[in-house]
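This report concerns only the one structure given below.
If you read the sequence from its start, that first residue is 1, and numbering goes on from there.
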Amino acid sequence: MFSLGSWLPALPGLAWGWALLDAFLQGESPRGWHGDGLGTPRGTPVTRCCLFPAGLVGACAVSVLCSLLKVYFYIQCLNDPERQAEKDAIRAQRRVLELLHVAVLTGALALVGSRVAALVVLEFSLRAVSTILSLGEGARSSQLYLLCQYSLGCGVSCGLSFLLEGAPHGTCNLALAAGLAGLLAAYARRLARHVCTLYELHSRARYCGVCILLLAAAHGIPRLLRKALAVAFAVADLAAVALVNREFLSAAEAVRFWTPLTVCYALLVVYMQGE
């Protein structure tokens, strides 16, 4: 597999450092490490439950979602005189809390296993379908945007881990994905801060291109988010099904697992529609 150390001359003094960095990005400890006192055999790679860079990408996806929702809700509150308290609350959010949220979410996504993340994604997808069929358009959007954040992180990390599994340049791809996701999340947070600070002035003066664009197209942010979430969860669901099916030794076992699950959620959807 592609290694970061292959880009530089082979230096014995740097071999351990490259092995450590590669193992960190790939989500396992270097070969030759001993167990950590938790029953890990001597010399066996200690596989992490979820790749750290994949968890970072998932956390950045959640951060982008939150930033765009912040922009949309701030503009909506600005246009409604009765929601000035909500506007002030959105503006008062501190940057350090946003960074802490990304760090905590990255740690949480790195701790959960790929199987757990797959089950979380499948459970939310079924719950989202039942919610869409049971509630109206307004309640549907507001509830799903709030409920999908952790599931979105699990879906992105799960899908990325599945798509890059066994890739010849997996380490480089993970590092590149984490870097691009961090850059996108940083620009989304910068947009949210710009809107909360200067949108009210710029929208009146009409000399800021970003604010003029938001003035004309901010109402389309929910539709954009719905399409992006649909694509993200479609890929995540396919990856989750593939990861879960690996645990079954035969097709009969898979059928015994999926059949009661499908029936239960179908009955749940029917019950919620009846209510």
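- Residues passing the side chain to side chain donor-acceptor pair (under 3.5 Å) test with N245 are W258, sequence neighbours excluded.
- To the nearest 0.5 Å, atoms CG (L229) and OG (S151) are separated by 10.5 Å.
- The hydrophobic cluster around V104 extends to L100, counting ILVMFWY residues whose side-chain heavy atoms fall within less than 4.5 Å of a member.
- Under the 4.5 angstrom side-chain criterion for Ile, Leu, Val, Met, Phe, Trp and Tyr, I212 has no cluster partners at all.
- Residues passing the ring pair (Phe, Tyr, Trp, His ring centres under 6.0 Å) test with F124 are F233, sequence neighbours excluded.
- Under the 4.5 Å side-chain contact rule for hydrophobic residues, Y150 and V102 do not share a cluster.
- Y72 meets the ring pair (Phe, Tyr, Trp, His ring centres under 6.0 Å) test with no other residue; sequence neighbours excluded.
- Applying the side-chain contact (heavy atoms from CB on, under 4.5 Å) test to L176 and every residue at least two apart in sequence or in another chain returns L180.
- Without hydrogens or angle criteria, T197 side chain to H194 main chain gives no donor-acceptor distance under 3.5 Å.
- Between the side chain of Y199 and the backbone N or O of L78 there is no donor-acceptor pair closer than 3.5 Å.
- The CD1 atom of I75 sits 5.5 Å away from the CD1 atom of I221 when rounded to the nearest 0.5 Å.
- In the hydrophobic clustering, where aliphatic and aromatic side chains (Ile, Leu, Val, Met, Phe, Trp, Tyr) are joined below 4.5 Å either directly or transitively, V96 groups with L97.
- Residue pairs satisfying the ring pair (Phe, Tyr, Trp, His ring centres under 6.0 Å) criterion with at least one member in residues 79-108, sequence neighbours excluded, are absent.
- In this structure, CD in E123 is found 11.0 Å from SG in C154, a value given to the nearest 0.5 Å.
- The side chain to side chain donor-acceptor pair (under 3.5 Å) search around E98 returns K70, not counting sequence neighbours.
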Practice item. Check step by step if side-chain contact (heavy atoms from CB on, under 4.5 Å) holds for L174 and L160. Key: CA-CA 8 Å; L174 284 172; L160 185 62; 4.1 Å; yes
Result block: side-chain N/O donor-acceptor pairs under 3.5 angstrom for residues 181-191, not counting sequence neighbours:
{"unit_1": "R189", "atom_1": "NH1", "unit_2": "S63", "atom_2": "OG", "d": "3.3"}

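- Hydrophobic clustering, defined by side-chain heavy atoms of Ile, Leu, Val, Met, Phe, Trp and Tyr closer than 4.5 Å, groups V235 together with F162, L163, L243.
- Annotation: the span from E200 atom CD to C211 atom SG amounts to 11.0 Å, rounded to 0.5 Å.
- Under a hydrophobic-cluster definition in which Ile, Leu, Val, Met, Phe, Trp and Tyr are linked whenever side-chain heavy atoms come within less than 4.5 Å, directly or via other members, Y74 and L225 are assigned to the same cluster.
- Atom OG1 of residue T106 and atom CG of residue L56 lie 4.5 Å apart, to the nearest 0.5 angstrom.
- L109 and L99 are members of different hydrophobic clusters when ILVMFWY side chains are connected at heavy-atom separations under 4.5 Å.
- Evaluation of the side chain to side chain donor-acceptor pair (under 3.5 Å) rule for S125 yields D237 as partners, not counting sequence neighbours.
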